[in-house]
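Below, read A as the first sequence line, B as the second, and so on, with proteins coming before strands; counting in each chain starts at 1.
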Number of protein chains: 2
Amino acid sequence: MSDLLERLRGRGWRMTSQRRVVAQVLDGDHVHLTADEVHTLAVRLLPEISRATVYNTLGELVSLGEIMEVSAAGRAMRYDPNAHHPHQHLVCSDCGTIRDVHPTGDPLAGLPAAERFGFTVSEAEVTYRGLCPSCASARGV
Amino acid sequence: MSDLLERLRGRGWRMTSQRRVVAQVLDGDHVHLTADEVHTLAVRLLPEISRATVYNTLGELVSLGEIMEVSAAGRAMRYDPNAHHPHQHLVCSDCGTIRDVHPTGDPLAGLPAAERFGFTVSEAEVTYRGLCPSCASARGV
DNA sequence: TTGCTTGCAAAGCATTTGCAAGAGC
DNA sequence: GCTCTTGCAAATGCTTTGCAAGCAA
């Protein structure tokens, strides 16, 4: 967290209270907030922060590679602060809960050269879908 | 294609020229159109078709499992008619071109029980990212 | 005939942008 | 002080909705 602020300062970022608050709100594991949720949480710490600033800051953090965008089909984009530890997502098809999970092998290995259409493949994004324990038991009843 | 129309009729769908045209536009491999592109192509075949009807029809086809939604981070949703043949996507990070590729093993195997957080996992969605041949050579110059 | 479908236009969200005022370095 | 940032409000882009008219079965 504070290493994030250090890194940003090192990259020439002007440190403002708004940026500090956004970084603070995004700290932790299994955190996948929408821009709006980030804003709501940020307002509690800094009442005058605007939605536009939250969007700007999130966009900048994404292009710096400090956080990752997680697209949730049809719904608002979510932001994952865990960009420095490669991981994948496990999503509940019912309630939308997201958990971080960790790969066992190189996901790129699953794509043989014959299937690459001449592309230079650099990355694989994996999302597992299923039911979380509470949604599964709710259905079982 | 015509099997699609048959299947829809079998499911109690009222067959209209609008629905026929949407199904027709979505035929083929490596087809990943946005709703707007579907509408543009559909208008050529049936000038009075409305955007709302295209959205409705796409939504229905998705819930029937006949086509798949492909979310393109930030941009408009795309629709993939190839829902009955399990496959993954290879996306060019530069121009956004999408190709269908086919898995070599069971992608679910990559997620050990210890990492499932009690979820009942039923599906894995894999997206490979990289540069397509033409974008790669454009960068090389 | 019956009720599912369509088209239109307006509403709804998520996100971006222009520009003047404000704050870091 | 110079420049990068912010906040506001309006604009944009994609998608959904309400409702009367239209059409398949």
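Residue contacts for Arg75(A): at a heavy-atom cut-off of 4.0 Å it reaches no nucleic acid atom on any strand shown.
One interatomic measurement links the two molecules: CZ of Arg14(B) to P of dT1(C), which rounds to 15 Å at whole-angstrom precision. Atoms CG (Asp36(A)) and C1' (dT15(C)) sit 11 Å apart, rounded to a whole Å. Protein atom CE of Met77(B) is 17 Å distant from nucleotide atom P of dC13(C), rounded to whole Å.
Listed by first and then second residue, the salt bridge (charged side-chain N to carboxylate O under 4.0 Å, His left out) pairs involving residues 70-87 of chain B are Glu37(B)-Arg78(B) (not counting sequence neighbours). Residues in residues 108-123 of chain A take part in no salt bridge (charged side-chain N to carboxylate O under 4.0 Å, His left out) pair, two or more places apart or across chains. Note on residues 55-64 of chain B: pairs passing salt bridge (charged side-chain N to carboxylate O under 4.0 Å, His left out), not counting sequence neighbours, are Arg19(B)-Glu60(B).
Where DNA chain D meets chain A (any atom under 4.0 Å from a heavy atom), the bounding nucleotides read 5' to 3' are dT3(D) to dC8(D).
Applying the side chain to side chain donor-acceptor pair (under 3.5 Å) criterion to Glu125(A), with sequence neighbours excluded, gives Arg129(B). Checked against side chain to side chain donor-acceptor pair (under 3.5 Å), His39(B) has no partners two or more places apart in sequence or in another chain. Here His102(B) pairs with nothing under the side chain to side chain donor-acceptor pair (under 3.5 Å) rule; sequence neighbours left out.
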With a cut-off of 3.5 Å and sequence neighbours excluded, list every side-chain donor-acceptor pair involving residues 42-54 of chain B.
{"from": "Ser50(B)", "atom 1": "OG", "to": "Thr53(B)", "atom 2": "N", "distance (Å)": "3.2"}
{"from": "Ser50(B)", "atom 1": "OG", "to": "Thr53(B)", "atom 2": "OG1", "distance (Å)": "3.1"}
{"from": "Arg51(B)", "atom 1": "NH1", "to": "Asp36(B)", "atom 2": "OD1", "distance (Å)": "2.5"}

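Near-neighbour residues of DNA chain D inside residues 54-61 of chain B, defined by a heavy atom below 4.0 Å, number-ordered: Tyr55(B), Asn56(B). Within residues 38-53 of chain A, the residues approached by DNA chain D to less than 4.0 Å at the level of any non-hydrogen atom are Glu48(A), Ile49(A), Ser50(A), Ala52(A), Thr53(A), in residue-number order.
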Salt bridge (Lys or Arg N to Asp or Glu O under 4.0 Å) between Glu66(B) and Arg11(B): does it pass, once the steps are laid out? CA-CA 12 Å; Glu66(B) 294 291 346; Arg11(B) 299 222 211 184; 3.3 Å; yes
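Think of Met68(A) as one node in a network of Ile, Leu, Val, Met, Phe, Trp and Tyr side chains linked at under 4.5 Å; it has no links at all.
Each end of the helix from dT1(C)-dA25(D) to dC25(C)-dG1(D) gets its own axis from five base pairs, and the two axes differ in direction by 40°, given to 10 degrees.
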